[in-house]
Amino acid sequence: MPDSSIPKFHEKNREERIKIVKSFAGLSKEDTEILKNNGGISFDEANHMVENVVGILSLPLGIATNFKVNGKDYLVPMAIEESSVIAAASKAAKIARKHGGFTMKSDESYSIGQVQVLDVDIKSAIPKVMKASNKLLEIANSKSKTLSKMGKGAKKITCKKLKTKSGTMLIVELLIDVGDAMGANITNTMCEGIAPFIEEITGGRVLLRILSNYSTRRLVRGTAVFDKEEIGDKQVVDNIIHAYEFAASDPYRAVTHNKGVMNGVIAVANSTGQDTRAIEAASHAYASRNGKYTSLTRWKKDKQGNLVGEIEVPMSVGIVGGIVNVHPMIKVCTKILGVKSAKELGCIIGAVGLAQNFSAIRALASEGIQKGHMKLHAKNIALSAGVPKNKMNEVVSRMVKEDSVSVTKAKEILKEL
Ligand code: MEV
């Protein structure tokens, strides 16, 4: 089984890194050419995806090493502009390996569709809808032969009465097993498909027919143990727990804490072509599920004094359909990950979120984040100051050594050199 703990991966050059990834993931020559092609899509492809296209915006794509999730090793592609995120994920995954890595579990891929019914006698409409459940499911499932053939598709109808300022409305909800797709399109199609029959049986007027991005039936949860010796002294472990308790109790801190989780989640979601807005929206709503915004992770100590992290987040992701099928770079990233199902992808994304959160609060609860961050950020600063390649290392190390990382400082050093 391939091993994702690759020593000094960050010190290798691009060719060497690609070679390692190629042999780890069994990439073809075409795949590696796509990786080298800085962006992966042509103008024409982009022009077919969205409207009014004038260009293509690319992001750095890096590989997080050391990940072991449910006993399997992964090299994790992460597309993100923020320095230190990929290094932090790799470092956390390395520490977690000592106790077996991340143990993660995904729910089935249940998507929720909502149909809003107005001008209706709700008391009599609900039993009518429930009585017609089988017929409604049949109509919904006629919209996707593929899901039906796999034993997936629309599974359940529920109704809820909603009191609003503009009157009481009936909301019919459709629970759909969307399998390995993210499932937004099929959910919307099914909702639109059942709407006329709902109007017919209830006498009401259907307005919205749309998926809910609050994917509470599609959670990923998991845990990892971070060894106390690797973390440092006992005080750091205790301080990480104090840092967590701060986030657990204060929404101002919790938002930043969860932003750290999202640094990991969204970077993998980007590289695998997910709807990152849907993931973000659901995560933050989930963080508020008990009436107060709080941390998406939990931290405690085990009997041996090791740090135990837990995460639970909605994870609406897919490995088929949409951009996943058409974007060459995303196809290669999915191949590097080697995931066989949307649930497996969800597990990895959840693990990276937990890893990222660990690294952030560990740094915050010890030396602070700026030292490590600025060390990595110094290169960006030097680049914006116009430092040429052959002077890069010298300028960066002097800025870090002198604890002064800025464009002005980089220019100053360059002048001296
Ligand atoms: C920075 O992108 C993320 C952190 O602010 C997260 C945190 O504060 O936990 C470091």
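Residue indices begin at 1 and follow the sequence shown. Both counts, for ligands and for their atoms, begin at 1 and track the order of listing.
- Aromatic ring orientation, Phe226 versus Phe358: parallel (interplanar angle below 30°, classes split at 30° and 60°).
- Residue contact check: Lys259 has heavy atoms under 4.0 Å from atoms 1 (C), 2 (O) of ligand 1.
- In this structure, a donor-acceptor pair under 3.5 Å is absent between the side chains of Asn37 and Glu33.
- Counting atoms of ligand 1 from 1 in the listed order, those under 4.0 Å from a heavy atom of Arg253 are 7 (C), 8 (O), 9 (O).
- Atom NZ of Lys335 is surrounded by more than 12 heavy atoms from other residues, nucleotides or ligands within 6.0 Å.
- Distance from atom 6 (C) of ligand 1 to its nearest protein heavy atom, with residue and atom name: Thr256 O, 3.4 Å.
- Between the side chains of Thr297 and Asn357, at least one donor N or O sits under 3.5 Å from an acceptor N or O.
- Residue Gly260 approaches ligand 1 through these ligand atoms, each under 4.0 Å from one of its heavy atoms: 6 (C).
- Checked options Ser144, Ser316, Ser111; the residue passing with Val178 is Ser111 (criterion: side chain to side chain contact (heavy atoms under 4.5 Å, CB included)).
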What verdict does the side chain to side chain donor-acceptor pair (under 3.5 Å) test give for Ser42 and Glu45, after you've listed the backbone C-alpha separation in whole Å, the side-chain angles of each residue and the deciding distance to 0.1 Å?
CA-CA 5 Å; Ser42 62; Glu45 285 165 322; 3.2 Å; yes

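- With a 4.0 Å heavy-atom cut-off, ligand 1 is reached by no atom of Val85.
- Considering backbone and side-chain atoms alike, Glu82 places an N or O below 3.5 Å from some N or O of ligand 1.
- A donor and an acceptor atom, one from each side chain of Asp227 and His99, are located under 3.5 Å apart.
- With a 4.0 Å cut-off on non-hydrogen atoms, Leu364 touches ligand 1 through its side chain and not its backbone.
- Atom 3 (C) of ligand 1 has as its closest protein heavy atom Asn263 ND2, 3.6 Å.
- For His257, no nitrogen or oxygen atom sits less than 3.5 Å from a nitrogen or oxygen atom of ligand 1, counting backbone and side chain alike.
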